Structures are given as C-alpha cells and as structure tokens.
Amino acid sequence: MSRFPDARLRRLRQSAPVRELVRETSLEPRQLVLPMFVREGLSEATPIGSMPGVMQHSLDSLKAAAVDAAEAGLGGVMLFGVPAVRDAIGSGADDPDGILNVATTALAAEVGDALVVQTDLCLDEFTDHGHCGVLTPAGAVDNDATLERYASMALAQARAGSQLLGLSGMMDGQVAVIREALDDEGFHDTLLLAYSAKYASAFYGPFREAVDSQLQGDRRTYQMDPGNRREGVREALFDQDEGADIVMVKPAMAFLDVLREVRDAVDVPVWAYQVSGEYAMIEAAAANGWIDRRAAVLESLMSIRRAGADAVLSYWASEAARWIRSR
Ligand code: PBG
C-alpha cells in the first residue's frame, strides 16, 4: 500500500482545505517579534534607505508603531536605540536618560500589557568605534571588561521596564554575568534571550545604516565564522547552561541547518532573526517585479519556523501578522 498506484501523495494536496488540514508547520502572529529603531532627537520618523518600509522612529512614532504591533497580535517588539552622542565605552547604553532606556519606559507603559517589550543589549550602537564591547589599549575587544558594561546595561534596561533582554554582543560568559547581576538586584523575572549562534554575516549590511554604525573593520573575533555548524550548537548549549531562557540563531535563512540542530539540542525556546539583508533582498526583488512580495515573505517566515524557530524576529512582523489573520 505504500506504493503507487495504491498510495498517491497528491491526495494530500488536492484542495486548499485539505492542505490546511495537513500542514505540519504553523505561522501565527504571536510567534513574531518586530525589531524597531528609535533615534535620539528625531521629531518624526525617518525612512532607512536600504530597508524600504522600515523607519528610524521618533519617540512618538515609535509608540504608534508599537500600538500597531500590539493590535496586529505580535508576541513582542525588540528595541534598538540610536544615540545622538557616542563615546569609547558606550555611556549612553546604561544612562537612565539614554534614548534606549527612555524609549523602553515609554513602550512598557504604552503596550507592556499587550506584548513583551524587549531591548537589544549590546554596546555597538553606543560606542564611537562601533564595536560591541570596550577596547584594550591595543584596540582588541576586551571580553571581561565588556561584561561589566553589559551588567550595568542590563540593570538600566530592567529598571527602565524591559521584560526581555536580547544579549547580542557575543562576549563569552555574558549570560551568566548578566543573570547574576539581575538576580542580585531582585530582577528574577527579567527574561534573557541569548543570541547564541550569531554569525559574522554580510546580511547585516542594511542594519548598519539603520543604527548609523561607526564600525571600521569587522566583528570576526567575536561573531561566529559562517563555516561552523557544530560550534553554533556548542554556543547554544553553553548559553543554556549559563541560564539563558531562550537562545537564538542569526541570521536565519543562511543558517537554517544550524537552527534545526540547535532546536534538536536544547530544551529552551529557540528563536531566529530574519535580518536586515534578508529583508532588503526580498524587498528589492519585489520592487523590481521579480518576485511576489507577500508570497515570498510568508514562505521565508514559514521556512524559518519549519527549520525549528519557535519565534521569529522580522521587520515584516506587523504586516505579516495581518496577512495571516486575513487569510
Ligand atoms: C549588533 C546587532 C547586529 C544586528 C542586530 N544587533 C549585527 C551587527 O551589526 O553585527 C543585525 C540585525 C539586522 O541585520 O537586521 N548588536
């Protein structure tokens, strides 16, 4: 019976209702998280050239977009701050009056009951050299000195009202150090998302415009080599051991194999980040009429879910959630 002509696999594809009934993977608004950029000193939202449809927000336009995300039924929003002034140690990052912390408090009040307000925990937007940590006199990224800055940043974000911290800096030991700093101050409920397998990727290109990145050179001494799959799983296991509540693979589409292996290896939720370059490629092809935009976006999100992501960070999150609901 398991052979043609008794078995016919096309029976499962004969109509839309049958296909819906047997689809293995779901894609729901609650599984989507919207990354958002807020820029200090802006009076209105400003478009990002390399990410058509994505904005650098003012505080007001940020709130409006977060309300829109909540109405779309998203699981959360992930906030990135773009400060007006930068320095060597990223002082704006743990300043309670820094743009990211101010915006976090505003969003927690506005939408904190409807979705999970999340913050990026990394120094790169705040340093004048653009690296994710502080530097030694010789110019190398100093792992352990950076951990102290991260602990301070974590407390500032938790105090501002962030419910989930996105640890994206790729410093060794960052999860353990931040967990301890939070617990010492009684922030036992603040969730930690570890960007565990974060690769040194060309697909971050448009993001660097979005956050006005000052980076010269690259991040290959801390972000992972794209050739390594086993090491991605090892990173995720380390972070789970250190107390990560959720682990992440990033970028998504060029690393779906890593995503699947990580999903199979850990017990915590696994998320994936559909990054700026993935967004820009589909937008550019669609703008040229070379691809069906909506179908390509939904297929890309479905493929990331199928590979093992329990939730996906995507710049299309609000729009895709509405497409899913109107289906
Ligand atoms: C670093 C960070 C990066 C992204 C988010 N946070 C990457 C980097 O600059 O190395 C990329 C996100 C994207 O491309 O959409 N804190």
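Keep in mind that what you see is a predicted model, and the values were worked out from it rather than measured. Read the numbers this way: they start at 1 and go in the same order the structure lists the ligands and their atoms.
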Verdict with reasoning, T127 to H131, per side-chain hydrogen bond (donor to acceptor under 3.5 Å, both in side chains): CA-CA 7 Å; T127 51; H131 275 294; over 6 Å; no
Stepwise side-chain hydrogen bond (donor to acceptor under 3.5 Å, both in side chains) check, S91 with D87: CA-CA 7 Å; S91 302; D87 62 21; 2.5 Å; yes
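With a 4.0 Å heavy-atom cut-off, ligand 1 is reached by no atom of L215. Residue contacts with ligand 1, taken as heavy atom pairs separated by less than 4.0 Å, involve V275 via backbone and side-chain atoms alike.
The distance from ligand 1 to the heavy atoms of S168 drops below 4.0 Å at these ligand atoms: 16 (N). Near Q223, meaning under 4.0 Å from any of its heavy atoms, are these atoms of ligand 1: 8 (C), 10 (O). The ligand atoms of ligand 1 that sit less than 4.0 angstrom from a heavy atom of Y315 are 12 (C), 13 (C), 15 (O). The distance from ligand 1 to the heavy atoms of C122 drops below 4.0 Å at these ligand atoms: 16 (N). Of all atoms in ligand 1, listed by their number and element, those nearer than 4.0 Å to a heavy atom of D120 are 16 (N).
Ring geometry, F80 versus Y273: the interplanar angle falls from 30° to 60°, so the pair is classed tilted.
A salt bridge links D68 with R322: the distance from a Lys NZ or Arg NE/NH1/NH2 to an Asp or Glu carboxylate oxygen falls below 4.0 Å. A salt bridge is absent between D94 and R159: the closest approach of a Lys/Arg side-chain nitrogen to an acidic carboxylate oxygen does not fall below 4.0 angstrom.
Looking at Q274 next to ligand 1, no N or O pair under 3.5 Å apart turns up.
Between Q157 and T119, the side chains place a donor N or O and an acceptor N or O closer than 3.5 Å (distance only, hydrogens not considered).
Cation-pi contact between K250 and Y204: present, with separation from the ring centre below 6.0 Å and deviation from the ring axis of at most 45°.
Scanning the protein heavy atoms around atom 16 (N) of ligand 1, the nearest turns out to be D124 OD1, 2.9 Å. Protein heavy atom at the shortest distance from atom 12 (C) of ligand 1 is F207 CD1, 3.2 Å. In terms of protein heavy-atom proximity, atom 9 (O) of ligand 1 is nearest to R208 NE, 2.9 Å. For atom 2 (C) of ligand 1, the closest non-hydrogen atom on the protein side is K198 NZ, 3.1 Å. Of the protein's heavy atoms, K250 NZ, 3.2 Å lies nearest to atom 11 (C) of ligand 1.
The residue among S276, S314, G277, A280 with a heavy atom at the shortest distance from atom 13 (C) of ligand 1 is S276.
Taking a 6.0 Å sphere around CG of D113, one finds it holds 12 or fewer heavy atoms contributed by other residues, nucleotides or ligands. The neighbour count for R220 CZ, taken as heavy atoms of other residues, nucleotides or ligands under 6.0 Å away, does not exceed 12.
Remark: distances from the non-hydrogen atoms of Y279 to ligand 1 are all 4.0 Å or more. Residue contacts with ligand 1: E278 is excluded, as none of its non-hydrogen atoms falls under 4.0 Å. At least one heavy atom of F80 sits under 4.0 Å from some atom of ligand 1.
Residues meeting the ring-ring contact (aromatic ring centres under 6.0 Å, His included) test with W316, sequence neighbours left out: Y279.
Note on residues 134-170: no pairs pass ring-ring contact (aromatic ring centres under 6.0 Å, His included), not counting sequence neighbours.
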